[in-house]
Amino acid sequence: MTTPHLLAKIRCKLFISLLECRADLSGRGGKIVMRLQRTYGCGNINRENIGEKVVLAGWVQGRRDHGGLLFVDLRDRSGLVQLVFDQERQGALFTEAEKLRSEYVLAVRGTVIARSPETLNLKLATGEVEISVEDMELLNSARVPPFYIEDGIDTDENLRLRYRYLDLRRPEMQEMLLLRHRLLMATRRCLDERGFWEIDTPMLTRSTPEGARDYLVPSRVSPGYFYALPQSPQLFKQLLMVGGVERYFQITRCFRDEDLRADRQPEFTQIDMELSFCSRDEIITEVEALLSDLLQSILGQKLETPLPAISYEEAMERYGSDKPDTRYGMELRDISEIAGECNFKVFNQVISSGGAVKGINVQGQGNFSRKELDDLTTLVQSWGTGGLAWMIVTEDGFKTPIAKYFAGEQLDSLRKHMDGQSGDLLLFVADEKVNTQKILGQLRVHLARQLDLVPEGEHHFLWVLDFPLFIYDQEEKRYTSNHHPFTAPCDEDIPLLQTDPLKVRSLAYDLVYNGVEIAGGSIRIHDKEMQETVFKLLGLAQEELDEKFGFLLEAFKYGAPPHGGIAFGLDRLLMLMGGRKSIRDVIPFPKTAAGSCLLTGAPAPVSPGQLKDLHIYTVSRK
RNA sequence: GGAGCCGUGGUGUAGUCAGGUUAACAUGCCGGCCUGUCAAGCCGGAGAUCGCGGGUUCAACUCCCGUCGGCUCCGCCA
């Protein structure tokens, strides 16, 4: 990735601004915490500084003690430079330097000297020079750190999280912090240029039905009442549109009390946007402009726009996912027709009861062992389907336990349908249609990772459009919103609201980046009657509506403009731009899978007095 | 709510399947030697009741049960 270059480019600038701040403070008679005042960043020293007196400050990266000669690597956020102490030249200072240990905090004054040709270190940006130290101020000592402060460490993540402040000293983490900063700044600059106003909205708001579980905050002054932390600023940004803002954005924290994943944290940051008087396509164009700007200004990469787009239905048919990773093939193929005619009961029974049989071609993997195939079967069973049928394509036919159920021409047709070449492994799932798609979609992702078919360093973006407005919740026996209850239906599908709600497509859109959903949004309903219709289809009682959404419906009575918007998951975007595997790697202080913070110990018990103030009684944990 | 994997000196691992002498290796740490290293080198030393609790056994890092913590996935995440 390009981040190291980015860091190098920006180092100098950052350091200058730091010096300017220091200059402002001088002469005010403040308390002196440092006798020496630094003049350069460690990583900024180079050949051009030779002969110059400099003052540096930072942490001891390591030392190499040669007896009468001592090397110390000094590190600050700009990089690393070698200090040299010579017993004969430095005398008493040398004795002090011998006491230095890893991560001691230090300021030094010295002269930049050239290294002799045989002692150059070209691996280091500062490797042509070193600092002959003349004065030293030990600013702090340090305990031995629990892990190495260097890139590429292989340490238990518990430790890194518990000592996050040490983890953050590592260059790759500093790069992450810088990249995050750049992304925030570029977003603000770009959206400002495009006429968006940054407006902040409340963190203490009210719980609404639908959506994720809320984080609740008890009210002290209203006993038994609770605020909720926002899952997103959804309602407020719509109210801002009614308020005549026209173009709004916010970089804001959102909270959802659901189980975590590698790309999911209980609190995360969104780039939230909303526009008035716009169509779906105009919003998509705005988003592409933002994304294009961000990729250009942060990674130096050009984004080809317009980005490709497919419908939800096509995504499910071809990839078994509403966030397909298009960096590799292995697309789903439908063999329902053949399956319905063959004698394999598992297949034809599924077809006769309205299900689907689909397969993927795992090219060149016909050498899977029986055990590996059994493991895959167990895996898909754990995902909630009956089993997995397999066929290995050979020169003259198929190696498979189910060949006997198929007529010769059916096998030929199957091979053609699946594009089977000798040595390919074909895997089939037979189930209710959507389940077939989802299971195979998951299997596709699983195998691509396992077989290392995912090309690194590629950036694939894809819009997914035409989501169904509703999905049917089997457990609750009612419709629920696929996106959220404020999403507008497609104009031409509005009549279906009365007759066949599941067929209604919405004006929602998701942006998928390398198989990860990084943004989602929709054109909103701005009409009070339409909003009430949708709420009613969702089975929300009038009373509940009035209580929980009354303010929105009321606002819509006062001339709501047509509007729509989108929200980016900033952490996910950053994760993908930085080529990191987990969202935790791009969040300064992330939480574990159980939602705990290993650094602060949150969540933690509170005192009985605090609970009393909040009118809260707790029940026993067990 | 469910499934899988992991937990052994400061750190990373081996040993666990098949119970048995002093828990091994690397690195870090401490001390000594060493004037051109940059993963410095050489010599010496300290450092672990094997996540925790219970059980089986003459004997448990090892087997069984429970529990805590972490990671990944399913459900969940408008």
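Order of the sequence lines fixes the chain letters, A, B, ..., with proteins taken first and strands second; residue numbering starts at 1 for each chain. Side-chain atoms are counted along with the backbone in the values below, which use heavy atoms only and exclude waters and symmetry mates.
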Considering only B:G1, B:G70, B:C77, which nucleotide approaches the side chain of A:Arg264 most closely? B:C77
Could you tell me whether A:Phe486 contacts a base, only the sugar-phosphate backbone, or nothing, with contacts defined as non-hydrogen atoms closer than 4.0 Å? nothing
Is it the case that A:Thr480 and A:Asp473 place a side-chain donor and acceptor less than 3.5 Å from each other? no
Does A:Arg160 contact B:G70 through a side-chain donor or acceptor facing the base, at a distance under 3.5 Å? no
In A:Arg170, A:Arg75, A:Arg143, the residue satisfying salt bridge (charged side-chain N to carboxylate O under 4.0 Å, His left out) with A:Glu103 is A:Arg75
Which comes earlier along RNA chain B counting from the 5' end, the contact point of A:Ala262 or that of A:Phe147, where each point is its nearest nucleotide? A:Phe147
For B:U72 and A:Arg584 - does any side-chain N or O of the residue sit under 4.0 Å from the phosphate oxygens OP1/OP2? yes
Should A:Ser596 be listed as having a side-chain N or O under 4.0 Å from OP1 or OP2 of B:G70? yes
Under 4.0 Å between any heavy atoms, over every strand shown, what does A:Pro146 touch: base, sugar-phosphate, or nothing? Just pick one. sugar-phosphate
If you go through the side-chain atoms of A:Asp259, does one of them form a donor-acceptor pair with the base of B:G75 closer than 3.5 Å? yes
Would you kindly check whether a donor in the side chain of A:Arg256 faces an acceptor in the base of B:C77, or vice versa, at under 3.5 angstrom? no
Looking across every strand, which nucleic acid part, if any, lies under 4.0 Å from A:Leu159 by heavy atom: base, sugar-phosphate, or nothing? sugar-phosphate
For B:G12, does either OP1 or OP2 sit under 4.0 Å from a side-chain N or O belonging to A:Thr155? no
Base paired to B:A24 (Watson-Crick or G-U; both N/O distances under 3.5 angstrom): B:U13
Contact pattern, 5' to 3', of nucleotides 29-39 of chain B - B, S or - by protein heavy atom under 4.0 Å: SSS--BBBBBS
